[in-house]
Amino acid sequence: MDLIIHPDEIFLKGGNQPFFYRCLLDNLKKLFPFSKFQRVESGILAEKFKGEDAERLKKIPGISNFARATKVKSEVEELKKAAGDFVFSADIKTFRITANRTWKGYELSSYELEKRIGDYIRIKKKLKVDLKNYDIDIRLNIGKNESFVYTEVVSGAGGLPTGSSGKVLCLLSGGIDSPVAAYQMMKRGAEVVLAHFQNQTTVLNEVSQKIFDLALALARYQPKVKLIIIPFAEYQKETVKKIPADCRMITVRRLFFKIAEKIAKKERCGALITGDSLGQVASQTLENMNAIYSATDMLKFPPLIGTNKREIMNIAADIGALEISNRPYEDCCSLFVARHPVIKSNIDKILEIEKRLDFSNFKADNFEEFIFKYDK
Ligand code: ATP
Ligand code: MG
């Protein structure tokens, strides 16, 4: 089938529109290699699009909506025929026509077009016009040479195409929140690189697989997803040995940021992303977040900070990450969950305790990297 795809916030971009269009086109070509994509006056035309891919298309960042469409020459007779075909195939009694001219130089005004095509369908198909309670809304998008006729418009994820706003490094745990945080950043146009801290000495194969599967799930929406695994056993041992239990979580999360900053610089990422949500767990009180987030100067965003768990879970389910996140996984963080963690940490005390750890010889250039691409 053929689809007409309408981009979302690209319309805000004025003179930069071609760049955003190129980004979206490039992403679509890589994510749906079986279809043919092409920029047209009113959006992007997808030819030979497979119906079973429509669910995934709904979640591709940067798309406002899309619809099954018929491409015709911008001539009244052709528009009539295509509009009539949509009616023919549906069990309906009332209809309306909504015309929209991308090319304002067209010989008829939108109103005149609506009337001409509307009259044809009213008489030929014996249907009634009802502008409010219609069974079908036949939309005409009129370009200079070619036009599109379509009916059911499917909403997309909106936002900006991945890769149009630069790169960020997302700290990915095995939990529910951080994959959603990564997806939300993709929707704001960021290309997301993933970093996962792992206790390489205790990790089981199926547990590693869980992280790979989360990366693969995210690769359904971004053409190429890089995952960096940072072996954390040494740091973990040191922390358990030298840091009191109630402060370990804060110290470890500060350490995550310090290491992540180095990786981010190497990967040319402009910000660090986490799945933090205010008040959700002990490490997410304002006091503790202050202590954790002051570990480095680098820009950091927790995109889910004001999002409720239920809302986060709904997005996780939508993007196909929830069932993966729900698999059991002892990540290196779970080992630092103290029975009575500090809720209001004192940054001076944390800085004092932290001196006991020495990771000055740490290098950010020898981690295992994996590249994920969607292939089905
Ligand atoms: P999540 O559901 O994403 O695991 P959470 O609510 O369980 O989040 P924490 O476990 O305190 O919260 O983790 C907060 C954030 O710290 C995570 O969202 C993630 O960004 C980061 N993080 C935690 N553990 C790891 C890890 N092992 N590797 C990389 N980042 C991690
Ligand atoms: Mg977690």
Side-chain angles (χ1 to χ4, degrees), residues 168-185 192-203 207-208 210-212 214-215 217-218 226-236 239 247-264 269 271-289 291-293 295-296 298 300-317 319 321-338 341-343 345 364 367-368 370:
V168 297
L169 185 72
C170 179
L171 281 70
L172 182 78
S173 69
I176 292 170
D177 306 321
S178 41
V180 174
Y183 176 71
Q184 296 295 78
M185 292 310 293
V192 178
V193 178
L194 304 171
H196 176 66
F197 295 88
Q198 190 166 64
N199 183 334
Q200 75 280 15
T201 57
T202 58
V203 78
V207 158
S208 262
K210 175 177 180 177
I211 298 301
F212 293 160
L214 284 173
L218 290 167
K226 187 192 266 191
L227 167 70
I228 299 167
I229 304 247
I230 304 113
F232 205 67
E234 277 304 305
Y235 303 100
Q236 196 164 314
T239 310
C247 295
R248 279 179 201 153
M249 180 64 90
I250 310 281
T251 319
V252 164
R253 295 262 340 253
R254 285 174 56 86
L255 197 54
F256 281 180
F257 273 152
K258 289 182 185 176
I259 298 174
E261 180 181 36
K262 296 199 177 177
I263 298 172
C269 292
L272 301 176
I273 308 300
T274 72
D276 285 322
S277 163
L278 187 64
Q280 198 193 84
V281 291
S283 62
Q284 293 160 349
T285 62
L286 283 181
E287 290 82 357
N288 288 352
M289 284 189 68
I292 294 168
Y293 279 62
T296 69
M298 186 164 187
K300 305 173 192 76
F301 297 125
L304 308 179
I305 197 68
T307 313
N308 301 337
K309 193 73 190 187
R310 173 63 52 199
E311 296 162 337
I312 297 172
M313 288 172 79
N314 286 343
I315 303 173
I319 61 171
L322 187 63
E323 55 165 3
I324 308 169
S325 294
N326 277 337
R327 290 186 214 155
Y329 184 51
E330 284 275 308
D331 85 339
C332 54
C333 247
S334 358
L335 297 172
F336 294 113
V337 179
V342 241
I343 301 293
S345 58
F367 301 128
E368 267 194 289
F370 303 86

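Whatever order the structure lists them in is the order used to number ligands and atoms, beginning at 1.
With a 4.0 Å cut-off on non-hydrogen atoms, L171 touches ligand 1 through its backbone as well as its side chain. When heavy-atom distances to ligand 1 are checked against a 4.0 Å cut-off, F232 has no atom that comes that close, whether in backbone or side chain. Both the backbone and the side chain of S178 come within 4.0 Å of ligand 1, judged by heavy-atom distances. Neither the backbone nor the side chain of Q198 comes within contact range of ligand 1; no heavy atom lies under 4.0 Å. If you look at M249 next to ligand 1, there are no close heavy atoms at all, none under 4.0 Å.
Within the set S283, P302, A282, the minimum heavy-atom distance to atom 11 (O) of ligand 1 is found for S283. The residue from S173, P179, S277, G275 that puts a heavy atom closest to atom 18 (O) of ligand 1 is G275. Comparing heavy-atom distances from atom 15 (C) of ligand 1 across V180, L172, D276, I273 singles out D276 as nearest. Considering Q280, H196, R253 only, the shortest heavy-atom separation from atom 14 (C) of ligand 1 involves R253.
Interatomic distance, CZ of F370 versus OG of S208, reported as 7.5 Å (0.5 Å rounding). Once rounded to the nearest 0.5 Å, the distance linking CD1 of I229 with CG of L194 reads 9.5 Å. Here the CD atom belonging to Q184 is positioned 11.5 Å from the CG atom belonging to D177, to the nearest 0.5 angstrom. How far CD1 of I312 is from OG1 of T307: 5.5 Å, rounded to the nearest 0.5 Å. To the nearest 0.5 Å, atom OG1 of residue T239 and atom CE of residue M249 are 11.5 Å apart.
Evaluation of the side-chain hydrogen bond (donor to acceptor under 3.5 Å, both in side chains) rule for K300 yields T296 as partners, not counting sequence neighbours. Residues forming a side chain to side chain contact (heavy atoms under 4.5 Å, CB included) with E287 (at least two apart in sequence, or on another chain): T285, K344.
Few gaps surround CD on E311; more than 12 heavy atoms of other groups in view lie less than 6.0 Å from it.
Atom numbering of ligand 1 starts at 1 in the shown order; those under 4.0 Å from a heavy atom of G175 are 1 (P), 2 (O), 4 (O). If you number the atoms of ligand 1 from 1 as listed, the ones under 4.0 Å from a heavy atom of I176 come out as 2 (O). Annotation for ligand 1: atoms under 4.0 Å from non-hydrogen atoms of Q284 are 6 (O), 12 (O), 14 (C). Ligand-side atoms of ligand 1 in range of D177: 1 (P), 2 (O), 3 (O), 5 (P), 6 (O), 8 (O), range being under 4.0 angstrom from any heavy atom. The contact set between ligand 1 and T274, taken as ligand atoms under 4.0 Å from a residue heavy atom, comprises 20 (O).
Ring pair Y293/F257 is perpendicular by interplanar angle, where above 60° counts as perpendicular and below 30° as parallel.
Within the structure, the closest approach of A195 to ligand 1 falls below 4.0 Å when heavy atoms are considered.
Not a single N or O atom of V281, backbone or side chain, sits closer than 3.5 Å to an N or O atom of ligand 1.
Across all their heavy atoms, M298 and A264 have their closest contact at CE-CB, 3.5 Å.
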